Amino acid sequence: MPDVANSRSLTRNKHELFDHVLAAILKSGKEGVFQTEICREFSLDSRDGSRLAGNLEKQSLISREKVLHKGRWTYKLIVKKSPMMDGHKKRVVQITSVEGAPCFSCSYQHSCSSEDEMTQYSPSRCSWIEEWVIASFDKTVANEGGKRLNGDLEISPSG
């Protein structure tokens, strides 16, 4: 069982408890930790421990394997996906492809849906999106040295 110092005094609310329990499971590594040990460490009854583990499992953060431990059935909680465990870094999100998109400030965003293309609030019928796409395309073409002729694109040979 990972050593979580003063775990009982660290938890003040559900979110902190959730984070501390997840940290304890992460520290156990690929070996995992028994749900009963988590309950004991964090002074949880079996029902609360089961609910907490179930929530972690629903979020695909852990997996639970039913095992017989010391003559009793319990679950072994094993990390399913963890950036810290695999040594992955957080992915950097590039937003350049959507910069200036009209959708983010659109007054009709709450009504917009791609499921019904016949409604006036459909991305496929939106003149603002169309104008933004054409302007973005023209900007890209200009940066690549091409030009538009009668709606067609002509790319200049490089060099």
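What you are looking at is a predicted structure, and each value in this text was computed from that prediction instead of being measured.
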Between [X] and [Y], what is the shortest heavy-atom contact and its length?
{"X": "Y75", "Y": "V67", "answer": "C-CG2, 4.4 Å"}
{"X": "L17", "Y": "F42", "answer": "CD1-CD2, 3.9 Å"}
{"X": "G29", "Y": "V79", "answer": "O-CG2, 4.4 Å"}
{"X": "A53", "Y": "Q35", "answer": "CB-OE1, 3.5 Å"}
{"X": "C39", "Y": "S46", "answer": "SG-CA, 4.3 Å"}

With side chains defined as the heavy atoms from C-beta onward, is the minimum distance between L22 and L61 less than 4.5 Å?
yes

Close side-chain approach of P102 and I129, heavy atoms under 4.5 Å:
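P102 vs I129: side chains touch.
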
List the residues meeting side-chain contact (heavy atoms from CB on, under 4.5 Å) with [X], not counting sequence neighbours, and say none if there are none.
{"X": "D19", "result": "none"}
{"X": "E99", "result": "I95, T96"}
{"X": "A101", "result": "F104, W132"}

For a quick test of your reading: what N or O donor-acceptor pairs under 3.5 Å do the side chains of residues 118-127 make, sequence neighbours left out?
| unit_1 | atom_1 | unit_2 | atom_2 | d |
| --- | --- | --- | --- | --- |
| T119 | OG1 | Y121 | N | 3.4 |
| S122 | OG | S124 | N | 3.4 |
| S122 | OG | S124 | OG | 3.0 |

Hydrophobic cluster membership, with links at side-chain heavy-atom distances under 4.5 Å among I/L/V/M/F/W/Y: are V33 and F18 in one?
yes

To the nearest 0.5 Å, what is the distance between NE2 on H20 and CD1 on I38?
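It comes to 12.5 Å.
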
Only pairs at least two apart or in different chains count here, so list each salt bridge (charged side-chain N to carboxylate O under 4.0 Å, His left out) that has a residue in residues 64-75.
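Qualifying pairs: E57-R64.
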
Are any side-chain N or O atoms of K80 and backbone N or O atoms of L56, one a donor and one an acceptor, separated by less than 3.5 Å?
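Not a single qualifying donor-acceptor pair exists.
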
